[in-house]
J.: 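Below you will find the structure I want to go over with you.
Below, read A as the first sequence line, B as the second, and so on, with proteins coming before strands; counting in each chain starts at 1.
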Amino acid sequence: SQKIEQNSEALNIQEGKTATLTCNYTNYSPAYLQWYRQDPGRGPVFLLLIRENEKEKRKERLKVTFDTTLKQSLFHITASQPADSATYLCAHQPDSGNTPLVFGKGTRLSVIA
Amino acid sequence: NAGVTQTPKFQVLKTGQSMTLQCAQDMNHEYMSWYRQDPGMGLRLIHYSVGAGITDQGEVPNGYNVSRSTTEDFPLRLLSAAPSQTSVYFCASSPWGSPNNEQFFGPGTRLTVL
C-alpha cells in the first residue's frame with residue numbers, strides 16, 4: 001500500500017537559515033501532496049498543496065517542490081524564524097476527488113535564535 | 001464563522017464506559033473526517049463522510065462508530081472505551097470539489113482511558 005514517510009523526526013536549525021524538510025512516498029505518484037503546520041496542543045493548519053504536474057509552489061517564505069522521479073517532496077522555509085518552530089506534516093491524496101488524506105508522521109522543526 | 005469545533009477538549013473515561021466526541025462545522029462542508037494522533041504514529045484516519053447519510057471506514061475504525069445525519073455534525077462514538085483508545089482526536093472538514101481539498105481541523109479532544 002502507498003506510504004508517506006517523513007524521514008526526520010526532528011530538525012534543529014539556526015535562525016536565518018533555510019530549513020528543508022523531506023517527504024517521500026512509495027509506489028505510485030499521488031495526484032497531490034499537501035503540507036500542514038501543527039503547533040503543540042492544536043490541530044494542523046493547511047499551508048500548501050502541490051500537484052503532480054507542478055514542479056514548485058511558493059507562498060511567502062515557503063516553497064514546496066515535487067519530484068516524481070525521486071518520489072519526493074521538499075518543503076523549504078527560507079530566512080527561518082523562531083516562530084516557525086512547529087511540527088510539519090505532509091499528506092498524500094491519491095486522486096483529485098475527496099479521498100481521505102494519509103499523513104506522514106511529521107517533522108518537528110526547532111529554529112534556534 | 002467558528003470553523004470546526006470539537007467538544008469536550010479533555011475527557012477521562014474508565015475502561016468500558018461509552019461516550020460521544022462531538023464535531024461541528026459551520027462552513028457547509030460536505031466532507032468530514034475523524035483522525036487520532038498518537039506519539040510516533042502520526043495522524044491516522046478513523047472514519048470519514050462525503051456527505052449527510054454517507055460514512056466509510058478509515059485505517060483504524062475498530063471500536064468507533066460514526067453517523068452523519070446533518071451536513072454540520074459528525075459525532076464519533078466510543079461504545080466501550082479501552083486504554084488503547086487513549087489519544088488526541090481531531091475532526092476535520094473540507095469542501096467537496098475544492099481545488100485545494102484543504103482540510104480544516106478542529107482543536108482536538110484529548111481522551112484518557114483508565
J.: Could you go step by step and tell me if A/Phe103 and B/Leu45 meet the side chain to side chain contact (heavy atoms under 4.5 Å, CB included) rule?
T.: CA-CA 9 Å; A/Phe103 283 83; B/Leu45 182 69; over 6 Å; no
J.: Give the cluster check for B/Tyr48 versus B/Val60: same hydrophobic cluster or not, with ILVMFWY residues linked at side-chain heavy-atom distances below 4.5 Å.
T.: no
J.: In this structure, are over 12 heavy atoms from other groups packed under 6.0 Å from A/Arg108 atom CZ?
T.: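 Open: at most 12 neighbouring heavy atoms sit under 6.0 Å from CZ of A/Arg108.
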J.: For A/Gly43 versus B/Phe90, what's the shortest heavy-atom pair and its separation?
T.: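 Nearest heavy atoms, A/Gly43 then B/Phe90: CA-CE2, 3.3 Å.
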J.: For A/Leu89, is it the side chain, the backbone, both or neither that has a heavy atom under 4.5 Å from a heavy atom of chain B?
T.: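 The side chain, not the backbone.
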J.: B/Gln37 versus chain A, heavy atoms under 4.5 Å apart: side chain, backbone, both or neither?
T.: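 The side chain, not the backbone.
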J.: Decide if atom CZ of A/Arg42 counts as having more than 12 heavy atoms of other residues, nucleotides or ligands within a radius under 6.0 Å.
T.: no
J.: Side chains of A/Gln34 and B/Gln103: any donor to acceptor distance under 3.5 Å?
T.: no
J.: Check this for me: A/Glu60, atom CD, are more than 12 non-hydrogen atoms of other residues, nucleotides or ligands nearer than 6.0 Å?
T.: no
J.: Where does A/Glu9 contact chain B at under 4.5 Å (heavy atoms): side chain, backbone, both or neither?
T.: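 It is neither, since no heavy atom gets under 4.5 Å.
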J.: Name the atoms and distances for all side-chain donor-acceptor pairs under 3.5 Å in residues 104-114 of chain B, with sequence neighbours left out.
T.:
unit_1   : atom_1 : unit_2 : atom_2 : d
B/Thr109 : OG1    : B/Pro8 : O      : 2.6

